Amino acid sequence: MHQLQSYAEPDDDECWTDEEARDAAVLLRAEQHLDGDDDEEAKDGASVREARENAEHLWGLIFSHWRGAVRSLYRAQAVLAHFPWLEEWAKPSLAAKLRYLETLRAQAARFVNPEELVAAAAATDLRMPELPCADPAFAVLGDNSRVSAALVDLWHRWQNAAGRPWEGPKARAYLSYGIVQGIRSSRKGYDVARAEAERLIESWEERARAGAKLRDRAPTRRLTAQVPEVSETTPRHDARDFLEGLDAWTLGVLVTWTVETDWRSRVLTLEVPDLVAERLLGPASDLPCSPVDGAANLPERDRAGKRPGVVRPGVFDDTPVFDRRPVTLDHIGALRSLAPGVDQLYLVFSASGGAEVLPLDAIERRLAKGWLGILIAGARDLPASVIGPEEPECSPGAEVRDAQRSGPGQGVHDPHFGAGLGLAEGGRQTLRQTYGTEDRDLNLRLLALARGAHDLRSLDADRRGGLPVAVWHGLLTEDHLDLAPFRQPGGDRWRSGSGLPLGPLAAVQLYTTNANPLIEGKGHSPLCRHAHERAVVADDDLLSVVDLMARTDFDWCSKCGGYATRRLTDCQLSYYRAAHRLHGIKRRLDGKSETPTPTPPP
């Protein structure tokens, strides 16, 4: 809907008339000679310079709108390709966009001099002439080898500049200064060498214009052009489009000589002069082209375009679950093109795996292997009523923060004891770590959905579309559980416990980069700076609290303790608090002091 309504008519904020565009183009093409010294001529010169600056601004504005209109039309047609039953409904809007696009193209073409485009093509077609290396005018440059190198460099720089449009011979005269670069302007022979270089450039300009006139009577040629598609490596936002890879000369050709367009398949038909056709068909062209009678030379996928997957009802919409259609690879491709800000996580269901939470990349990999499942909801589909408040609660006071710690003897009877390990604190941490206001709501939804994943390693999306770090801070905590109540009683006052069963805490997950002491490298928390705070990835190690208590051979990082703990559910947190209270009661019954004991060694 946004694309159909965009670039359908002139913008109210940035509006200009066709007459203003015509006058600006005439002004920019006109040669200006304002070298007078008196005040009246200086004022005239200032007013003309201001008028030219305004004309140049309008020139850039029109070209920017033309490119934006092309991009908008392409995206609108790309979306509609997935919904063929909407084409008839969208025809009036598309027709309005096409009319406005043609208006912008015609206005942009006013600023392009076709003769300059042909001369630029002729300049790039020229072969290097015999250079006057023995000319005494260049003696100030040094010996013959230095003169030869300087003239060859001058030729290449001129040919490169002459191949660009809208830079007339007067604008290219500055190249003559390059040949005397590094030589003092007061040195004898400086002015002579520069003047001779300028005359040499003028002779090359004349050769290019003569070559253009010689081919001027040749018949025009019709070409089929395939505008390159947006690369997968470019950002998926509107800041860039497929026209960005084309140079200014090619864009000038498009607005001047395009006779037919099919932006949906990115195929254009051009009717261009012979010299322009040769440059477009050359290997250095940014625009893949072929003669109209040789269209078969275009790759099949370029002539027909990629056939988009048709999205029927029941794949991405709110159709009742029992009427959902299985998702396919074509549907995922459509989703990526339809929604640049596609959700990272989805709740899916399949007969083989039941209900699961998976990243879009993981769904894609499974589909390639024959997986059959449906999409139930993305993160943005979750209702706000189940997410909770978006604003973090007030920061707790010092006494509450002390109570939240899980160390021995520190406020175990306080109702806030251990709260820092729980899910509620995870939501607060996600909000604290989210710096963009517009991301707060989405991150809370991602957090809610990610909590449904049985193994957090399954959320690894190769970091291309991975979860934000703020969400990982809501899933994991670097605070470690105090397991003293679950150790067996003994004579060691540091390690003696109450022998309580682990109960629901036995399955609490611990994630580390390395849990095998035989593999080089210490184990780090996925949130540790030594692990580059990369969050959980597929090849991390997963332990449970049972594993942690059964082994003593781990090689942990001294900064983070070696692992991150998955946040405790309400049931696990209640059991954890009760265990610590029972442990405290047992210590008192055993005659030990309730005062905090020194922190045991690690």
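The shown structure was predicted, so the numbers you read here are calculated from the model rather than taken from an experiment.
Side chains of T434 and R440: a donor-acceptor N/O pair is absent below 3.5 angstrom, by distance only. Side-chain polar atoms of D286 and T250 form no donor-acceptor pair below 3.5 angstrom. Side-chain atoms of E205 and W158 include a donor-acceptor pair closer than 3.5 Å. Side-chain contact, S145 with D143: a donor N or O sits under 3.5 Å from an acceptor N or O.
Distance CD/Q3 to OH/Y74: 12.0 Å, rounded to 0.5 Å. Separation of atoms CZ (R221) and CG (D274) is listed at 5.0 Å; rounding is to 0.5 Å.
Within 6.0 Å of atom OH in Y177, 12 or fewer heavy atoms from other residues, nucleotides or ligands are found, so the atom counts as exposed in its surroundings. Annotation for E19: atom CD counts as buried by contact number, over 12 foreign heavy atoms lying within 6.0 Å. For E115, the CD atom sits in a loose shell: 12 or fewer heavy atoms of surrounding residues, nucleotides or ligands are nearer than 6.0 Å. More than 12 non-hydrogen atoms from other residues, nucleotides or ligands lie less than 6.0 angstrom from CZ of R207.
Of the candidates T220, L223, L117, V272 forms a side chain to side chain contact (heavy atoms under 4.5 Å, CB included) with just one, namely L223. Partner of L360 under the side chain to side chain contact (heavy atoms under 4.5 Å, CB included) criterion, out of I332, L345, L375: I332 alone.
Ion pairing of R365 with D361 is absent here, as no side-chain N (NZ or NE/NH1/NH2) approaches a carboxylate O to less than 4.0 Å. The pair E102-K97 fails the salt-bridge criterion, with no side-chain N (NZ, NE, NH1 or NH2) lying under 4.0 Å from an Asp/Glu carboxylate O. Using a 4.0 Å cut-off between charged side-chain N and carboxylate O, E198 and R194 make a salt bridge. A salt bridge links R445 with D441; the closest basic N to acidic carboxylate O contact falls under 4.0 Å. The existence of a salt bridge linking E206 and K213 is excluded, since no basic side-chain nitrogen approaches an acidic carboxylate oxygen closer than 4.0 Å.
Checked against a 6.0 Å centroid threshold, the rings of W16 and H65 count as neighbours.
Contact annotation: the side chain of T103 never approaches that of R99 to less than 4.5 Å [non-hydrogen atoms, C-beta and beyond]. Between W249 and L280, some side-chain heavy-atom pair lies under the 4.5 Å cut-off. Looking at heavy atoms from C-beta onward, D153 lies out of side-chain contact with H156 at the 4.5 angstrom threshold.
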(request) For V70 and T261, run side-chain contact (heavy atoms from CB on, under 4.5 Å): C-alpha distance rounded to whole Å, both residues' side-chain angles, the deciding distance at 0.1 Å, then the answer. (result) CA-CA 11 Å; V70 169; T261 61; over 6 Å; no
(request) Check the pair V112, W257 against side-chain contact (heavy atoms from CB on, under 4.5 Å), reporting the backbone distance first and the verdict last. (result) CA-CA 11 Å; V112 182; W257 288 301; over 6 Å; no
(request) List the steps, then state whether side-chain contact (heavy atoms from CB on, under 4.5 Å) holds for D262 with T269. (result) CA-CA 9 Å; D262 182 1; T269 302; over 6 Å; no
(message) Assess the residue pair D23 and R110 against the criterion (salt bridge (charged side-chain N to carboxylate O under 4.0 Å, His left out)); give the C-alpha distance rounded to whole Å, side-chain angles, the decisive distance to 0.1 Å, and a yes or no.
(response) CA-CA 10 Å; D23 294 343; R110 293 180 182 275; over 6 Å; no
(message) Determine whether E202 and R199 satisfy the following criterion, salt bridge (charged side-chain N to carboxylate O under 4.0 Å, His left out), listing intermediate values before the conclusion.
(response) CA-CA 5 Å; E202 289 177 359; R199 283 192 290 272; over 6 Å; no
(request) Assess whether side-chain contact (heavy atoms from CB on, under 4.5 Å) is satisfied between L254 and L270, documenting all intermediate values. (result) CA-CA 8 Å; L254 292 185; L270 311 176; 4.0 Å; yes
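Ring geometry for W204 against W155 counts as perpendicular: the plane angle is over 60°, on a 0 to 90° scale with 30° as the lower cut.
Remark: side-chain polar atoms of T258 are not paired, donor with acceptor, to backbone N or O of V255 under 3.5 angstrom. With S6 contributing its side chain and H2 its backbone, the two residues share a donor-acceptor pair below 3.5 Å.
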